[in-house]
2 protein chains.
Amino acid sequence: MQSFTEENYLKIIYHLSENNEGAVQTNAIAEKMQTKAASVTDMLRKLSEKELISYKKYQGAHLTPLGRQTAINVIRKHRLWEVFLVEKLNFKWDEVHDIAEELEHINSPELVERLDEYLAFPKNDPHGDPIPDKNGNFDFVPFIKLSKLKKDDKGLIMGVSEHSSAFLKHLEKLGLTLGKSLTISAINDFDGSVEIIVENKKTSVTREIARHILIRI
Amino acid sequence: MQSFTEENYLKIIYHLSENNEGAVQTNAIAEKMQTKAASVTDMLRKLSEKELISYKKYQGAHLTPLGRQTAINVIRKHRLWEVFLVEKLNFKWDEVHDIAEELEHINSPELVERLDEYLAFPKNDPHGDPIPDKNGNFDFVPFIKLSKLKKDDKGLIMGVSEHSSAFLKHLEKLGLTLGKSLTISAINDFDGSVEIIVENKKTSVTREIARHILIRI
DNA sequence: CTAAATGTTTAGACAAATCTAAAAAAATAA
DNA sequence: TTATTTTTTTAGATTTGTCTAAACATTTAG
Ligand SMILES: [Mn+2]
Ligand SMILES: [Mn+2]
Ligand SMILES: [Mn+2]
Ligand SMILES: [Mn+2]
């Protein structure tokens, strides 16, 4: 059994290796964990000892199959609890992440399976992220960042890659929520900001925000 | 904010002071916490420092109003989660305690209030224990131990004072579940065992078991 | 290819929660 | 009321996760 801290390290290593291939660096982990590089080094040694990661000094970390499975299980729990909070307890999508950060460490396989069933085996969480099934497999639905679209492109909002409450509240206010379909009416050359039509209303987001909105065409 | 460990100490001190009035002793806490007296002494000093208990060396502990409120809140969460597990996820009454021991430490007042509402403000948990409301008040319903009843007395099972899975499974098998009405058909002088009629079927429990079944007449 | 900058690890310390063994206090019995 | 037993506390270690400061390794630039 792992401590909450170990689970959080594994989860972060998993997310960092999702994007960039290759080894996950000490400093990258330190930043996400909001801790110091020296602490990360200590933990990497420990996780390596437990065969949850492979790690050689100065070479960064890779999850082992066991570490990967552990990380995916934590992510599964996180996302299922987020669905529960939104679907059953009527929380908004910007209110659930921090609570799920706690709930994801509850250790009861039976609870997870029953929760999954109770929620009717959801495929995605309230932010569009895929929920791995009990064997750790998830449907990968391809997406493209809103910032990559061209004028007159159409698409469907299928997720976000930033989960802060401020960001999500902002999207909500603009009507840019999951499942909405949109059309790019213009792209501003100067600052890269994007003009969008959603539900016949015109709105606009900065390039930075557009980078965090995930679209299916 | 308190650690899980501190919360567990407060909860145990609360339960130990429910029955016996007066100060809660170091050894009693050690037994419930499954730890050593020396560890308890350390923790009592710490809780006292935080003004959650009043404590003088060799004199045992008392909860302060703040400590009491904290303990009751943990108990509220424990019992609400047990209701959730039984009512919504179809767990049996003997399966929920250990999971609730983890869930009770989730720290989100908003979550607790929404869960309470979602469950329609239950007054009792699956073991008949009262659930304090958000202000920490609970309806006290008087009860009597089954072991105190006499021949031909009638009553309603309203709770249990022992929560082990083995005990609860045993009651389940005998049909002695919450809300059932029963009649005492005989009491065995020799060993104190009690013969009971529940739903027109005769069954029997030892004196020790009878002590842990709570009855409303 | 050397020098500077960046990234990582080691050394040594600390706080939290625990333990064992021994000392001290309080309760009980003779 | 003294002696014995029980309960509690202290002293000193240990484990986990963290930190700072300094050393070391790797990468990048000149
Ligand atoms: Mn989240
Ligand atoms: Mn999410
Ligand atoms: Mn319980
Ligand atoms: Mn209960």
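Proteins come first, then strands; the chains are lettered A, B, ... in the order of their sequence lines, and each starts at number 1.
Nucleic acid contact for T5(B): sugar-phosphate only, since backbone atoms but no base atoms lie under 4.0 Å from a heavy atom of the residue. When heavy atoms are screened at a 4.0 angstrom cut-off, Y55(A) is found touching the sugar-phosphate backbone but no base atom. Residue contacts for Y9(A): at a heavy-atom cut-off of 4.0 Å it reaches the sugar-phosphate backbone alone, with no base atom in range. Residue T41(B) is classed as a base contact, given a heavy-atom separation below 4.0 Å to a base.
At least one side-chain nitrogen or oxygen of Q25(A) sits closer than 4.0 Å to the OP1 or OP2 atom of dT8(C). In this model, the phosphate group of dC19(D) is approached by a side-chain N or O of T35(A) to a distance below 4.0 Å at OP1 or OP2.
Comparing dT18(C), dT9(C), dC19(D) by their nearest atom to the side chain of R45(A) picks out dT9(C). Among dT18(C), dT9(D), dT20(D), the nucleotide with an atom closest to any side-chain atom of A37(B) is dT9(D). Proximity note for T26(B) (side chain, C-beta onward) versus dC19(C), dT10(C), dT9(D): the nearest is dT9(D).
One interatomic measurement links the two molecules: CG of D42(A) to P of dT15(D), which rounds to 15 Å at whole-angstrom precision. At whole-Å resolution of the value, CZ in F4(B) and P in dA16(C) are 17 Å apart. Atoms CG (N8(B)) and P (dA16(C)) sit 18 Å apart, rounded to a whole Å.
N27(B) and A37(B) make their closest contact through OD1-CB, 3.6 Å (heavy atoms, listed as atom of the first residue, atom of the second, distance). Closest approach of D125(A) and L178(A) over heavy atoms only: O-CD2, 4.1 Å. Across all their heavy atoms, A23(B) and Q59(B) have their closest contact at CB-O, 3.2 Å.
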Polar atom pairs between nucleotides 1-4 of chain D and protein, under 3.5 Å, N or O only, would you list them?
none

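Listed in residue order, the members of residues 27-34 of chain A having a heavy atom less than 4.0 Å from DNA chain D come to none.
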Worksheet, complete the sentence: Whether each nucleotide of nucleotides 22-29 of chain C has a protein heavy atom under 4.0 Å at its base (B), only at its sugar-phosphate (S) or at neither (-) is summarised, 5' to 3', as --BSS---
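A salt bridge links K50(A) with E6(A); the closest basic N to acidic carboxylate O contact falls under 4.0 Å. Using a 4.0 Å cut-off between charged side-chain N and carboxylate O, D116(A) and R76(A) make a salt bridge. Here K169(B) does not pair with E172(B) in a salt bridge; the nearest charged N to carboxylate O distance is not below 4.0 Å.
Sorted by first then second residue, the salt bridge (charged side-chain N to carboxylate O under 4.0 Å, His left out) pairs that include residues 24-37 of chain A, not counting sequence neighbours, number zero. A salt bridge (charged side-chain N to carboxylate O under 4.0 Å, His left out) check over residues 98-111 of chain A, counting only residues at least two apart or in different chains, returns the pairs K11(A)-E101(A), K11(A)-E104(A), E110(A)-R114(A). Residue pairs meeting the ring-ring contact (aromatic ring centres under 6.0 Å, His included) criterion with at least one partner in residues 101-145 of chain B, sequence neighbours excluded, are F4(B)-H105(B), H127(B)-H163(B).
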Practice prompt. Go through the steps to decide whether N107(A) and I99(B) satisfy the test side-chain contact (heavy atoms from CB on, under 4.5 Å), and finish with yes or no.
Written response: CA-CA 8 Å; N107(A) 176 33; I99(B) 304 177; over 6 Å; no
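Donor-acceptor pairing under 3.5 Å is recorded for the side chains of E162(A) and S164(A). A side-chain N or O of H212(B) and one of S161(B) form a donor-acceptor pair less than 3.5 Å apart.
For the pair K36(B) and M43(B), both in contact range of DNA chain C, the more 5′-proximal nearest nucleotide belongs to M43(B).
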